[in-house]
Participant: 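Sending over a structure as structure tokens; questions will come in a sec.
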2 protein chains.
Amino acid sequence: MVLKIRKTKVAAPACPLTACMAVMKGAWTPNIIWSLSGGPRRFGELQHDIPRVSSKVLSQRLRELQARRVVRRRVLDTSPPSAEYELTELGLELVPAIQAIVRVGVKIAHPERAAA
Amino acid sequence: MVLKIRKTKVAAPACPLTACMAVMKGAWTPNIIWSLSGGPRRFGELQHDIPRVSSKVLSQRLRELQARRVVRRRVLDTSPPSAEYELTELGLELVPAIQAIVRVGVKIAHPERAAA
DNA sequence: CAGGATCCTAATCGATACTG
DNA sequence: CAGTATCGATTAGGATCCTG
């Protein structure tokens, strides 16, 4: 006998999930957005925030995020010349999701503090 | 002159983020958790919920999630034999994060409904 | 129905070196 | 400082076939 597929009880379809995960693709992308959620950061500052990321991967992800209109790049007229990255309005929309992930991460990392 | 690294304004360090992302690693993992958030599902039902996932990847991710105590597997005494997967208490903790991601995904996919 | 085994491709990442 | 170029290792994922 054939088992019937029960109707899912989940309200929204999986496609918005996939759409959002496409933006956060890459192991370091959430960290980049998280770091930028505190305000504009320079390239070197991002590397400082995310210690084990290579400059190659960091610049790759930043370029992708710019292409997706999540991050904006501004060249500053300083000496030496430097650049600043900041979240766009679209990028700011991602912050609550990252915050939720961080909250869970805290629970996973410190189960004893889960009561709080 | 050397540019100074400005102190980050982000409250929590990136490590909890990384810890949580490790659990959600893989393109399909969030979809699996999302599908299970509606209640226990069988293997075939998960494949139905996530149309383009191969059985290999699905079973791989399910095994990883079991190893991480996020998902529990129960063999049912039916004919033909079937198995059910469900979220553990730890797995349930991930649901709010996934929900937040879905919410952003809806905004990305349907910007015109962003007002709601 | 519920998966494991195998083969293969594409993407990601890390390390190193180099440029303006 | 702010990246780019290149290489090599790892891995996720797709397709197909097969079993209990």
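To find a chain, count down the sequence lines: A is the first, B the second, and so on, and within it residues start at 1.
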Participant: Taking only residues two or more places apart in sequence or in another chain, which ones pass side chain to side chain donor-acceptor pair (under 3.5 Å) with A:Arg61?
Facilitator: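 A:Arg61: side chain to side chain donor-acceptor pair (under 3.5 Å) contacts with A:Glu64.
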Participant: Whole-Å distance between C:dC1 P and B:Leu62 CG?
Facilitator: 16 Å
Participant: Tell me every residue that passes salt bridge (charged side-chain N to carboxylate O under 4.0 Å, His left out) with A:Arg6, counting only those two or more places apart in sequence or in another chain.
Facilitator: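 Partners of A:Arg6 by the salt bridge (charged side-chain N to carboxylate O under 4.0 Å, His left out) criterion, ordered by chain and then number, come out as B:Glu45, B:Glu84.
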Participant: Give, ordered by number, those residues of residues 35-45 of chain A having at least one heavy-atom distance below 4.0 Å to an atom of DNA chain C; if nothing qualifies, reply none.
Facilitator: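 Output list: empty, so none.
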Participant: Just how far, in rounded Å, is C1' of D:dA2 from OH of A:Tyr85?
Facilitator: 7 Å
Participant: Could you run through nucleotides 13-20 of chain C and give me one letter per nucleotide, 5' to 3': B if any protein heavy atom sits under 4.0 Å from the base, S if only the sugar-phosphate is that close, - if neither?
Facilitator: BBB-----
Participant: Can you sort out the partners of A:Ser37 under side-chain contact (heavy atoms from CB on, under 4.5 Å), two or more places apart, ordered by chain and number?
Facilitator: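 Listed in chain order: A:Trp34, A:Leu87, A:Val95, B:Val10.
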Participant: Could you tell me whether the phosphate oxygens of C:dG4, OP1 or OP2, come under 4.0 Å of any side-chain nitrogen or oxygen in B:Arg63?
Facilitator: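 So the side-chain polar atoms of B:Arg63 do come within 4.0 Å of the phosphate oxygens OP1 or OP2 of C:dG4, strictly under.
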Participant: Check this one for me: any side-chain N or O of A:Ser59 less than 4.0 Å away from OP1 or OP2 of D:dT4?
Facilitator: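 Answer yes for this pair, as a side-chain N or O of A:Ser59 is under 4.0 Å from OP1 or OP2.
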Participant: For B:Ile50 and C:dG3, what is the distance between atoms CD1 and C1' respectively, to the nearest whole Å?
Facilitator: 15 Å
Participant: Could you go step by step and tell me if A:Ile108 and B:Leu90 meet the side-chain contact (heavy atoms from CB on, under 4.5 Å) rule?
Facilitator: CA-CA 8 Å; A:Ile108 293 175; B:Leu90 176 58; 4.1 Å; yes
Participant: Let's see if you get this right: which residues in residues 69-76 of chain B place a heavy atom under 4.0 Å from DNA chain D?
Facilitator: none
Participant: Could you give the CG-to-P distance, from A:Leu46 to D:dC1, as a whole number of Å?
Facilitator: 13 Å
Participant: Closest approach of A:Pro96 and B:Ala100, non-hydrogen atoms and distance?
Facilitator: O-CB, 4.3 Å
Participant: If you look at every heavy atom in A:Ser55 and A:Phe43, which pair is closest and at what distance?
Facilitator: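 Closest approach of A:Ser55 to A:Phe43, heavy atoms only: O-CZ, 3.8 Å.
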Participant: With distance as the sole test, does A:Arg41 use its side chain to make a donor-acceptor pair with the main-chain N or O of A:Gln47 at under 3.5 Å?
Facilitator: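 Absent.
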Participant: Identify the two heavy atoms, one from A:Glu93 and one from B:Val104, that lie closest to each other, and give their separation to 0.1 Å.
Facilitator: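 Taking every non-hydrogen atom into account, O-CG2, 3.3 Å.
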Participant: Output the rounded distance in Å from CD (B:Glu64) to P (C:dG4).
Facilitator: 12 Å
Participant: Need the bend value for the helix from C:dC1-D:dG20 to C:dG20-D:dC1: angle between end axes, 5 pairs each end, nearest 10°.
Facilitator: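 Result, rounded to 10 degrees: 40°.
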Participant: Roughly how many Å is it from CG in B:Leu58 to P in D:dG14, rounded to a whole number?
Facilitator: 11 Å
Participant: Going by the rule salt bridge (charged side-chain N to carboxylate O under 4.0 Å, His left out), which residues pair with B:Arg73 if we only count those two or more places apart in sequence or in a different chain?
Facilitator: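 Expected list: none.
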Participant: Backbone N or O of A:Gly91 within a donor-acceptor pair of the A:Arg69 side chain at under 3.5 Å?
Facilitator: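 Pair absent, no side-chain N/O of A:Arg69 close to backbone of A:Gly91.
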Participant: Whole angstroms only, please: what is the CD1-P distance between B:Ile32 and C:dG3?
Facilitator: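 In whole Å, C:dG3 P and B:Ile32 CD1 are 12 Å from each other.
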Participant: Going by side chain to side chain donor-acceptor pair (under 3.5 Å), name the residues that satisfy it together with B:Thr88, two or more places apart in sequence or in a different chain.
Facilitator: none
Participant: Could you list the residues that satisfy salt bridge (charged side-chain N to carboxylate O under 4.0 Å, His left out) with B:Glu86, not counting sequence neighbours?
Facilitator: B:Arg72, B:Arg74
Participant: Which donor-acceptor pairs under 3.5 Å do the side chains of residues 16-32 of chain B make with protein atoms, sequence neighbours left out?
Facilitator:
unit_1, atom_1, unit_2, atom_2, d
B:Thr18, OG1, B:Ala14, O, 3.2
B:Thr29, OG1, B:Lys25, O, 2.5

Participant: Can you name the side chain to side chain donor-acceptor pair (under 3.5 Å) partners of B:Gln60, sequence neighbours left out?
Facilitator: none
